[in-house]
Amino acid sequence: MTFLKVAGANSILFIIIALTGNHSWYFLLLTAAQLLFVPCMLHIVLRQEESWISTYFPYAGIMASISIFILQFSQETSMDTILAILYLLFTVMIALYGVKRFLQRGFAYFEEFIIDIGLIYILIGGMWFVAHIATIDTGFSPMITWLTANHFHYAACILPISVGLLGRLYKSKMYKWVSSMIIISPVIVALGITFSVKIEFLSVILYIIAIYGLIHLSFKVVFKSSLQKWLICISNGALCVSILFSLLYAVGNLSGWFSVSIDFMILFHGIINSIVFAGFGTAGWIIAPPFFKPKE
């Protein structure tokens, strides 16, 4: 059993959810990350892992996927929290695996450290997901709680892992700066949403610098196939577009001159990040996953 097979089975579950699920369409954005994109990224990271982790870890993914699937048809019962906690335990396992990887290598391979951070960050996404399902009072609206869970799956997990995989193919001083900004930005975004619109605006500017640097690096990489190159470049290029919607939202909050609604952000920023960034990017890395190469 591999996470790629898990993702393949999950694609059927996702189609069933999309056609018959009880929740609003936009909840599919987070569900896609949970059922499809995160398992695919885990498959790539685990390909070189030769231990009980690579053998048994995917089975935990199956249990988490079943929990997510059942939640899509739940009528908001007391079982919902238990199902969400089962998914949270899966994210705990992912985070612990990220810690294990880091303790094995430390900062010796910066691109692997970026992947480790992405694996660890998903735990925060799992915690916010439980908070949303259990209707825990986080001090924010249910929608913001859900969006935060979404943010820590895409921007804080899938994106760093993708950046780490890029680093396996291309390393430079610019890469270290870009990847460093990408892994600290999710935390600054969270601080901005919690404490200050000025910090939130700063985090978006930091993201813009990092993402436009990332697309520059993407075109410098020599990929194994032209299809992979274009899929990855389109994926990262989508971020260059979607981050502009975040800029509009942050400027509106800071200045008060205009207002960008959450619905608008979900419709454009959310869909672009899910379908184009994560969808194209995951497909690109699956075509020819780069291997970790230790220094000789």
Side-chain angles (χ1 to χ4, degrees), residues 10 14 17 21-39 41-42 60-61 63-99 117-161 183-197 199-200 203 246 249-250 253 261-263 265-266 269-270 273-274 278:
N10 285 354
F14 183 80
I17 292 168
N22 292 336
H23 299 289
S24 300
W25 68 268
Y26 56 81
F27 283 104
L28 291 173
L29 300 179
L30 179 55
T31 304
Q34 294 168 321
L35 294 184
L36 304 177
F37 306 136
V38 170
M41 287 300 191
L42 286 173
M63 294 302 298
S65 299
I66 292 172
S67 298
I68 295 298
F69 179 75
I70 296 173
L71 276 171
Q72 306 302 315
F73 300 93
S74 171
Q75 300 296 327
E76 298 184 1
T77 68
S78 57
M79 282 295 295
D80 290 5
T81 300
I82 297 174
L83 292 169
I85 290 173
L86 288 176
Y87 178 75
L88 173 63
L89 292 176
F90 177 57
T91 65
V92 170
M93 293 179 66
I94 297 173
L96 289 175
Y97 176 57
V99 171
I117 293 297
L119 295 171
I120 293 168
Y121 271 159
I122 197 173
L123 172 57
I124 304 175
M127 294 168 66
W128 281 91
F129 178 68
V130 170
H132 172 72
I133 297 297
T135 63
I136 296 171
D137 184 7
T138 61
F140 302 101
S141 69
M143 177 58 74
I144 294 297
T145 301
W146 176 82
L147 285 171
T148 305
N150 205 66
H151 173 74
F152 275 96
H153 278 75
Y154 283 96
C157 176
I158 297 171
L159 177 56
I161 293 175
I183 61 173
I184 65 173
S185 291
V187 176
I188 300 177
V189 168
L191 291 173
I193 293 172
T194 305
F195 298 109
S196 169
V197 293
I199 297 176
E200 182 183 19
S203 69
S246 295
Y249 182 78
N253 287 343
S261 69
I262 293 295
D263 290 342
M265 288 295 292
I266 292 173
H269 178 84
N273 281 348
S274 180

*asked:* Distance check, rounded to the nearest 0.5 Å: Leu88 atom CG versus Ile82 atom CD1?
replied: 13.5 Å
*asked:* Nearest 0.5 angstrom please: Leu86 CG to Thr81 OG1, how far?
replied: 11.0 Å
_Using every non-hydrogen atom in the two residues, find where Pro39 and Leu35 come nearest and quote the distance to one decimal._
CG-O, 3.4 Å
*Are the side chains of Asp80 and Leu71 in touch, meaning some heavy atoms are under 4.5 Å apart?*
yes
*asked:* Using 0.5 Å steps for rounding, measure from the CE atom of Met127 to the CD1 atom of Ile122.
replied: 13.0 Å
*Do the side chains of Asn273 and Asn150 get nearer than 4.5 Å, heavy atoms only?*
no
_Looking at every non-hydrogen atom in both residues, tell me the closest pair between Met143 and Ile266 and how far apart they are._
SD-CD1, 3.8 Å
_Checking Trp128 against Thr138 for the side-chain contact (heavy atoms from CB on, under 4.5 Å) test, could you report, in this order, the C-alpha distance in whole Å, the side-chain angles of both residues, the deciding distance, and whether it holds?_
CA-CA 9 Å; Trp128 281 91; Thr138 61; 3.8 Å; yes
*Please check if the side chain of Thr31 supplies one atom and the backbone of Phe27 the other of a donor-acceptor pair under 3.5 Å.*
yes
*Under 3.5 Å donor-acceptor, Tyr154 side chain and Leu29 backbone*: yes
_Within-4.5 Å side-chain heavy-atom neighbours: Ser274 and Phe37_ = yes
_Nearest heavy-atom neighbours spanning Pro186 and His151_ = CA-NE2, 3.6 Å
_Strictly distance-based, threshold 3.5 Å: is any side-chain N or O of Asn10 a donor or acceptor partner for the main-chain N or O of Leu36?_
no
_Closest non-hydrogen atom pair between Ser67 and Leu83, with its separation_ = CB-O, 3.5 Å
*Do other residues, nucleotides or ligands put more than 12 heavy atoms under 6.0 Å from Met63 CE?*
no
*Considering all heavy atoms of both residues, which atom of Val130 and which atom of Ala84 are nearest to each other, and what is their separation?*
CG2-O, 3.5 Å
*Side-chain heavy atoms of Ile144 within contact of Leu147, under 4.5 Å*: yes
*Could you pull out the closest heavy-atom pair between His153 and Gly126, with the gap in Å?*
CE1-N, 4.1 Å
*Report yes if the side chains of Val187 and Tyr121 come closer than 4.5 Å at any heavy-atom pair, otherwise no.*
yes
_Walk me through whether Phe129 and Ile68 qualify under side-chain contact (heavy atoms from CB on, under 4.5 Å)._
CA-CA 11 Å; Phe129 178 68; Ile68 295 298; 3.7 Å; yes
*Quick one: does Ile199's side chain get under 4.5 Å of Val189's, heavy atoms only?*
no
*Is the shortest heavy-atom distance from the side chain of Leu42 to the side chain of Ile161 under 4.5 Å?*
no
_Phe152 side chain reached by Leu123 side chain, heavy atoms, under 4.5 Å_ = no
